[in-house]
Each structure stands twice: as C-alpha cells, then as structure tokens.
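The chains referred to below are lettered A, B, ... by the order of the sequence lines, with proteins before strands, and numbering in each begins at 1.
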Amino acid sequence: MTGSEPTPPPLLAADDLVRSHLSGSTLIPAVRGVSLRIDRGEFVAVTGPSGAGKTTLLHLLGGLLRPDEGELRLDGRRVDRLREAAWARLRRRRYGIVFQSGNLLSDFSVADNIELTAVLAGMSTRTARERRQELLADLGLAHKATAGPGELSGGERQRVALARALVNRPELLLADEPTGNLDSRSTRDVLALLSRYHEQGTTIVLVTHDARAASTADRVVSLFDGRIADDARVEEPPAAWRSATGIRDVIDFGG
Amino acid sequence: MRALLRWIRADLRSHRLHALLIVLATGGTAAALLLAGSLLGAAADPWQREFRAAGSPDVRIDLRPSAAAAGGSDEPSAELLAREPGVVAVSPPQHTAETTLVGRRPDGAPTAGGTDRTTLVLRADTPGAARPLLRSGAWLDPADVHGIVLEQSAADAVWAHPGDRLTVLDSHGAPVELRVLGIADSPDQLPSQAAGYDLGWTLPATLDLVQPDPAARGLTLGLHLAHPSDAAYTAQRVVSVLGPERVSRITTWLDARAARQQDNRLAGLLLGLSGLAALLAAALAVAGTAGARIKARTGDIALLKAIGFTAAQVAWMFITEQLLLAVTGVLLGAGGAAIAARAVPAPGGGTDALHQLVPGGTAATGAVMAAALVAIGAAAALPALRAARVAPVPPTDGTRPPAMAARPVRLGLVRRLPPTLVLGLGGVLRRRSGLAGSAVRLTVPVVAATLALSTWSTLDAVTRPDGGVTVPSVTARRTTPAPSGGDAQLTGALAADPAVRGVYPGSEIQALAPGQSATLTLRAVGTTDAPYPFSVVEGRAIRATDEAVAGQGALDLLGARVGQWVRITTGGTPRILHIVGRDLEPEHGGRVLSTGFDTLDRPGDPTGPDFWQLALCPGHDPAEVQRDLPTRAGLTGQVELRLPTGPVTRPGALRASVVGLLLLLALIGLVDLLTMAAAGFHERRRDIGLLRAIGLTPGQSAVVLAVRGTAIALAAVAVGSAVGIPLVRRLIDRQGHLGGIGAGIARAPSAWTFLAMAATCATVAAVLCALPVLRVPPPTRGPDGAGR
Ligand SMILES: Nc1ncnc2c1ncn2[C@@H]1O[C@H](COP(=O)(O)OP(=O)(O)O)[C@@H](O)[C@H]1O
Ligand SMILES: [Mg+2]
C-alpha cells in the first residue's frame, strides 16, 4: 500500500469486465468488456453518451454491482468475487462514492449524513464531528449543518455529497456526474474541490458528459456502447503523481 | 456498533411521531395482555388462596364402605398410597356416613314445605385432617354430638343457616335431628350440585349415632403431592393401587377449581382473546409501518449499503430499532398495567387489588412481556430482511411506472363523476395488492374491536336485569310458618307489587339420571295454565305436564337433545319427562330441568311450593326489588328474597378493561391508518405533483388521496365486522356451553356501533391521507427536490 515495491500493482485494475442488466425478461448489455488500469493518484474522467454504460462501469468498480465476466483487482488482489459484506467493508475505508442523485439520506440532517459515514469508517464520534465541520467549512456549507437534504439547492446537495464521500479520507473517489444538474457556478465549485483532493493524493474516477469537467482530469476514457472507444491523457500529470511504471493506457475493444 | 446506533438515534429523531405511536401501541398491547391475564387469574384466585389456606389435599379419594367392597382394612390403604411416587403426605383417613336429609326447620320452627330429599354425607372431624374454612357460625363443639357444620353449597341448596335444625334418616330410616353450628367452605370439594351430595362435618361420635356399623361407613383421605400438576396421573395410579371397586370417587384440585371458577372466565377469556388479537394487530401494524418505511426509503438503504453498511448491519439496524421501541413500550405497558391493577378492584369482590392476584406473578408477567417482544421483533424482522436485500445502487430517476391509467379517467369523464373521485378510485383500483395489505392490517384491529364490543354488549345483556338473556326475577321464600289460610295472602301481596309481573310457585328437588352418579336439579316453577317465562333459546316453551326445558348442563349430563324423552329418578320415584326446549340456565352449571309445578304429582312429591319465583317487569333491578319489596308489600320478616345467579358477577372491572382495550385498538388502528396514508402519499406524490402542475388545487389533490384512504378504511371495517361477528358469537357461545349456561347468550353490538366505527375510521383515514398532500410544495424543485 505504501508503494515501496519497485513495481507496485495499480490501485484498480479491471480486466475484460462484462455486465448486463435484466430488464423485464431481456438482458440489456451495459458494459461489454472493459479493461482499465487506474494507478494511485490518477484523476480519470469517464465520458460518453447517455446509455454508454458509464454508471454501470462505475458501479462495477465500486463493487456495487458484480461483473458477469471479467476480473477486478484492488492493489493486485482479486475483489470481483468478494462477498457483499466484504465489499461493504472495503467501501467503508477505501472508497468515496458520489452518485448522480439520491446521495443523501432523506430524513437525516447534513451533519448526520456526513458523520454517519465517518463513524462507519471507524472514526470516533469526536473525530467524525471535527472532520465534518472541517469539510463543511471547506465547502462553504458550515451554516447548513442542521438542514435536511430537502432544504438544499442542487449545488449544495452535490457539495454535501462530496463531503460525505470524502469524510473517510478515501483512497479512491468514484463520482457519477456530480455536476450533472448544476449551474456553471456550482459546477466550478465542485470541480475545484475535486482538483484539490486530487492534489492531496486522492485517486479520482469522474463520470461526466461535460467536456469542461472532463478537462479537469489528467486522463479521459471515452465509453461508447459499453466499450472503451478512446483513452487519452489530457496533459502530463504533475511529476509528483506519476507512478514508477508510468501510465499505460489500455485500449481494448474485446468483448 | 456505533454507526448502527448512530443511525438509529438519528432515525428515531427524525420520526418522533412514528416512534411514539409504536411505543404506545406496544405498551398498550402488553398492558392489555397483562390485565387480561390478571383477570383470568383473578377469576380463579380466591379459590387458589383458600385452597392453600385450608391446607387442602391435591387429590381427594372417597372409599366405599369396606363391607360393600370387601376390601382390606383402611389403614393399609393409607400406607399404600403414601408409598406412591410423588405423594408427599396422606391426610389421616376420615370416616364418612351417608344419610338422607329430609327436612330443615329454621330456628326450631316447623318447615314450610320441607320435602327435599338429598343425600347428606357426614364426614368425621379427625385430628390432623384438613378442616374447611368456616364462613359463619362456629366449628363443632366436642360436647354437642348433634352438631353439624354444613358445606357452603350444601347450606345454600337447602337454605340452611347456623342454628337451623336438620332432620336426617339414620341407617335404619329413623329420623335424627342435627343442629347447624356453622357453615364452611372446603376448597377441594366440588359444590354439592356437581358432587351429587351435600356434605357436612360432624364429631366421630355423631357417626356412631347415624351409622353404628363401622363396616358400613365410607372413608375419605387426601393426598398432598410434590407436583400438583401430576394430580390426574396420581388419581389413575390410586385407582389401580386400591382397586376400582374400592374407590367411589376421586376428585383432584383441577376438578374443584374447574367447578368454581366459571364466573369471570367468560369475560376474562374474551378479554384475553381480544388482547391476543390486539397483539396480532400490533405486530401487523409494526410490520406494516416498518415495511412501508423500508419501501419508502429504498434509496436511503441503497445509499447506506453503498457507503459500507453490510446487509446484516442493515437488517440489524431495523430490527434493533423496532426492538428498542418495543422494549420501551413493553416496559411502559407493564408499568401501566401495574398502576391500573392497583386502581382496579379485584373482580372477585375481594379487597385485594388485581395486582396481587396475577397468577404465577413475575413469571407470567415476564412470559407475556417476552411474547409481546418476540411477536413484535418477528414482525419487524421480516421487512428488515427485505431491506437487507436492497441492492446497493440508488435507484435512478425515471424508473417509475407511468402515473395515470387512461381507462378509469375516461370512464369517469363519461359518467360525469368528479375528476378527483375518479383519480382517487383509479389509484385504489390500480394498486390493489399494496392496498390489500393495508386493508388486511386494518381488518385485524377491527375484528379485535368487534370482539371487545361484543364482550361489552354480552356483559350488558347478562348483567342488566332487562338485558334479555334471562328473565329478571327474584326468589321468595317464607321465613315464618304458613298461616292456616294458606299462601294466598302472601302471593297476593307479592303479586300486587308494581315491580312484579307474575308470581309462580316453585320447588326444587334433586334428581338422578340413570347410570349417572351426578345429580341434577328438577325445578318446578309455574303451572301449565300460568307457565313461567323461561328464556327458551331452542325448541319451545312448556305447554303440558311432564314437559320440561333443560339447561345445557342438564342436556350434556343426560346425553339428550331437545325433543327427546328422558328418564330420571327423584327420591326413588322414576319419572319420564319430555324435553321440549333448552333455556339459558345460569344456575347449578346448567344442570337443571325446569318443568311446571303441576308435573310434581307423584307420591312423595312436594305438596306445596317451597318458594315463589317472582318474574319482574322490565326495567326493574332485582337487587332493588330484593331490598325494597318486603317493606313495600308489608311482608317484612315474613319472606326472604334471593337474587338469581348470573353468569357474570361484578362486571365493573371488566367494563373498564373493555374500554381500555378499545382505546388500544383505536391506537393500533391509527398506526395502521398513518402507515397507509404515508405509503399512499409516497406512492403517489409524483402524481400529485403532476396533478398540481396541471391545475388541481391542493384541496382537490388532497381529495384524490382521501378517497383512496376512505375506501380502504370502509373495506377494512366491512370485512372486519363480517369476520368478527360470527367469530365472536361462536366464541361466546362455546364458552357458554362449557359453563353449562349454553349457547345463546352472545350479543353482537348494534348496527349503530358498527356504523359509528366505520364513520370514524373513514374520517380519520380521509384526514390522515389528505393532510400530507396539503403540505407538498408546488412542483418547482428539481427531480431530487424536497427530499425523497
Ligand atoms: N437497473 C437497470 N435495469 C435495466 N437496465 C439498465 C439498468 N441500469 C442501466 N440499464 C441500461 O444499461 C445501459 C447502460 O446504462 P448506464 O450504465 O446507466 O449508462 P450511462 O450512465 O452511461 O448513461 C442503458 O441501456 C441502460 O438503459
Ligand atoms: Mg449514468
């Protein structure tokens, strides 16, 4: 985990992932063979048209869905066959996930929403509270701690969702269109925050169909019809975050 | 787990009302069950206490005279029995002698009728044997060989008081006069009606007086058991050890208890059943609310799992939360029950408060509380397991089925129904499965309420003098010798009283069924010309001599049905009676055959009435008549009036319990309605938003949901009462049958009661369904707006 090995395994390595959804009695293929390596400290944007399978891929990477075929490795360890409870424990400490919508427990205050995640990750109640206060202050939402999700605007809600996802200091942040319904100012705020956490070392996978959002990342993976159509670096990542092996982009159209 | 507790805390904080209602419903249910248990226990307990106080044996064995049975001597049998496993002690054998009681004379004066002939068993008071509990008068005087202490029910049967003189026939048929010194209750003894003989205690010397031959005397002994629950088994063993020809009768404490605790059993049982129904209703209500909340929060649950809650944790979270509420409720309920029990006097009429009468005390209380917890925990667990299976992916928008079905709307437009009504009913018709669940949940408390209400109306009918179950009446008996002019003056004075509808001469004699050791009572009241208005519930009334109506207990004893001819013997005279009907007979466990006085025309039958049965005009309270009539009619000191035995005494505490139970059921119903309203609102809030967007006023959209709620509530009340009324009739009649009074005392609540219940349910449902709609903000927010 500390990367003392000469060639540490990638943080996340997907190999030929396949996943279909059952809709009624028909199988809808959503991800049709995706191989992807995500190294520690990377900021990867996943783009593509609606229905391309971006959300499904993100859910596969987070263990929220189980792949029909293919392998998934976290730190070189097979995780695609893990039981649901084991995945839950992984997510608690190592993942932060922001969904497209429905990110907050509807009957809980902003503070409760954030602290619950922190406590679940093993923080003491006091640390959880401090961390929540810190994050909310960071996001300019300190005054909304006692508000319910219903009292927030869309932008505020997505920022709280980010705070919730970041409170356990995850190694890997998966964000599904966090700027989807936001106005340009809120979008800018959220993206700035992502950049900041990226700079602090968090590995980020950002699903978006917004070109400007994608340009924040240092690598853009284009998804089309359940397959990776393109995988390109936007610019050289800062040297500090370059892994020893460099970034090997894997483009794979296999199914 | 801290996160789990944290979630529970936050969840409870955001659902205070829900939590409060669950706590109240659980607590109320626990309290209702505990109180019902206490009532049932209280019905038995005065007996239990006395049984212990009297040191009564668990098994009593009456042995035949050794001459008749040709068995060994008496002492070995006691030793034999002492060696039986489980027998702790054998009481010293007491000799008994059978005599015939032929007359009673109050205060030395000659008796009026006095031709009852009953078997009176004299039991010799033996040192070391358990003595009965003295009720009035004094215990035997060693100097008075003519003294007798009569058993309570025997004294009641022959109207004997301390000081009275009894005439019995000794073994040679010669009259012997005994003086009643006292009246005592023996808790291990069957009442004389059930036992078939009257019992009295005398000095051993008295036995020599009436039965000089020791070999012709019987023997009775009692066994004290290590485990009283083994009594039935021990009784079997005793018969095989002593030989069946030697044993004339075995009674266990179970028989004695069963014979004595019929009074409040009916009501206690109904309350217990309603309490169980309430438990079921509460469990269903908890399952319903838990289920509805889980359904409404699928997104939240998915999110919880996405942030790292395991399936087991999610399930435990919901179960723990519900159990916390249930534990709080049960503890509050137990406390409430304890307070209520302190306030409510014991229905047996003792001075003890109910709480001292809980049988088994803390063990039973603990069991009831544990049962309530288990039921409610299980009810919460099922939906919790559903929650555990929710996929960790929050549902995306747009996965909802289309909002409005076209058909009902078009139908409504054709018929020009108000659109709100059509939309509401459309919702009912389209989501039938979910609605069926709501309706079923609401049906259970309605059934329970029907039970409770029927308990009330049945109590009302059997305790109110003009309630219609039996004819209100009192029994009059002369206390002074009849004047030479006969009874005409007395009956005239009685009949002239405004409260009295009719005066009917009566006499009761003991009768034996062929091949039966138990006796029944042949009661002759009224005449063929002026028949007594028996409350005949099956068959017809008496029209001729030798016709009789029977109580259920008598029918069971004789193995007869209405319409059959039965053979009985009275005082050695065989008699054949035609049973033309069944009446409701609360006395003597229903073992009564009632006929006209002119049926008693055989030799040895009473020549004149022993008493007069006064049928009262409707609206007159027998207790008042008993108090006021003698002075009003100028008969003070000449007559003694008695009240009839009712199937239920002291209904006050039971009434209070019924009211409490109804309140509880209302609360449970409220929880169900709230759940239904919340689920309906959750299901249709997008529709409502849409409807408001296209121009329905808040009021109109509220009506849409109110129609739905009202329809469900009405369906639940209709189904609940349709199921409940026949059920409760069966239950009450069955209990009545067991008690001997027979089927036919059940009274369903009036139609108005049900209409009121339906109206209340419908109104509350409508209001609860409509209220949240009025609070929905206009649909201006984004898709994630206003929370989910
Ligand atoms: N739960 C589901 N049930 C059935 N089909 C689904 C489900 N989720 C996604 N799909 C289908 O899978 C395909 C990919 O969906 P998704 O991964 O959400 O794409 P994107 O996020 O790129 O829009 C789409 O055709 C979508 O309709
Ligand atoms: Mg998507």
Side-chain angles (χ1 to χ4, degrees), chain A residues 23 55-56 58-59 62-65 83-109 111-113 115-125 128 148-154 157-158 161 164-165 167-168 174 176 180-182, chain B residues 1-19 293 296-317 388-399 401 678 682 685 775-777 780-788:
Chain A
S23 176
T55 300
T56 306
L58 197 82
H59 288 170
L64 301 170
L65 285 178
R83 292 171 351 122
E84 200 198 314
W87 257 117
R89 279 188 285 273
L90 266 185
R91 281 196 297 271
R92 263 179 225 174
R93 285 163 203 275
R94 305 186 61 178
Y95 278 80
I97 301 178
V98 179
F99 295 100
Q100 212 164 341
S101 68
N103 268 301
L104 301 178
L105 300 173
S106 46
D107 295 317
F108 285 41
S109 69
D112 277 332
N113 260 292
E115 287 176 34
L116 182 65
T117 313
V119 171
L120 186 67
M123 283 183 205
S124 74
T125 316
E151 300 162 53
L152 303 178
S153 72
R157 209 174 299 126
Q158 282 306 57
R164 203 217 63 234
V167 73
N168 58 342
L174 305 179
D176 192 358
N181 298 310
L182 302 189
Chain B
M1 180 92 210
R2 278 181 311 128
L4 199 142
L5 292 178
R6 172 135 197 157
W7 179 85
I8 291 174
R9 210 184 70 200
D11 193 57
L12 288 180
R13 223 173 17 206
S14 60
H15 295 94
R16 285 204 189 93
L17 177 68
H18 164 89
R293 287 186 52 214
R297 276 163 194 73
T298 323
D300 282 4
I301 295 166
L303 185 63
L304 285 172
K305 292 181 89 174
I307 66 171
F309 276 91
T310 62
Q313 277 176 321
V314 169
W316 271 117
M317 223 155 62
R389 286 205 309 270
V390 168
V393 183
T396 44
D397 294 327
T399 51
H682 172 74
R685 75 177 297 153
R775 298 212 322 250
V776 173
T780 51
R781 296 258 179 119
D784 218 1
R788 269 167 310 119

note = chain A shares the most heavy-atom pairs under 4.5 Å, among B/Asp11, B/Leu304, B/Ile301, with B/Asp11
note = Greatest number of non-hydrogen atom pairs under 4.5 angstrom with chain A, of B/Ala312, B/Ala311, B/Ala306, falls to B/Ala306
task = Give the C-alpha distance, both sets of side-chain angles, the deciding distance and a yes or no for side chain to side chain contact (heavy atoms under 4.5 Å, CB included) between A/Ile97 and B/Ile307.
result = CA-CA 7 Å; A/Ile97 301 178; B/Ile307 66 171; over 6 Å; no
inquiry  = I'd like to know which of A/Gly154, A/Ser124, A/Ala165 tops the heavy-atom pair count under 4.5 Å against chain B.
reply    = A/Ser124
inquiry  = I need the residue from A/Arg89, A/Arg164, A/Arg93 with the largest number of non-hydrogen atom pairs under 4.5 Å to chain B.
reply    = A/Arg164
Engaged part of [X] at the chain B interface, taking heavy atoms whose separation is under 4.5 Å:
{"X": "A/Phe108", "answer": "side chain"}
{"X": "A/Ser153", "answer": "neither"}
{"X": "A/Leu120", "answer": "both"}

query = When you look at A/Leu116 and B/Phe309, which way does the side chain to side chain contact (heavy atoms under 4.5 Å, CB included) test go after all the steps?
reply = CA-CA 10 Å; A/Leu116 182 65; B/Phe309 276 91; 4.1 Å; yes
Whether over 12 other heavy atoms sit under 6.0 Å from A/Trp87 CH2 = yes
note = In terms of heavy-atom contacts, B/Lys305 and A/Arg91 come closest through O-NH2, 2.9 Å
query = Can you name the closest pair of heavy atoms from A/Asn103 and B/Leu303 and give their distance?
reply = O-CD2, 2.7 Å
request  = May I ask you to say whether A/Asp112 pairs ionically with B/Arg9, meaning some side-chain N is under 4.0 Å from a carboxylate O?
outcome  = no
ask   = B/Thr310 versus A/Arg92: any side-chain heavy-atom pair under 4.5 Å?
value = yes
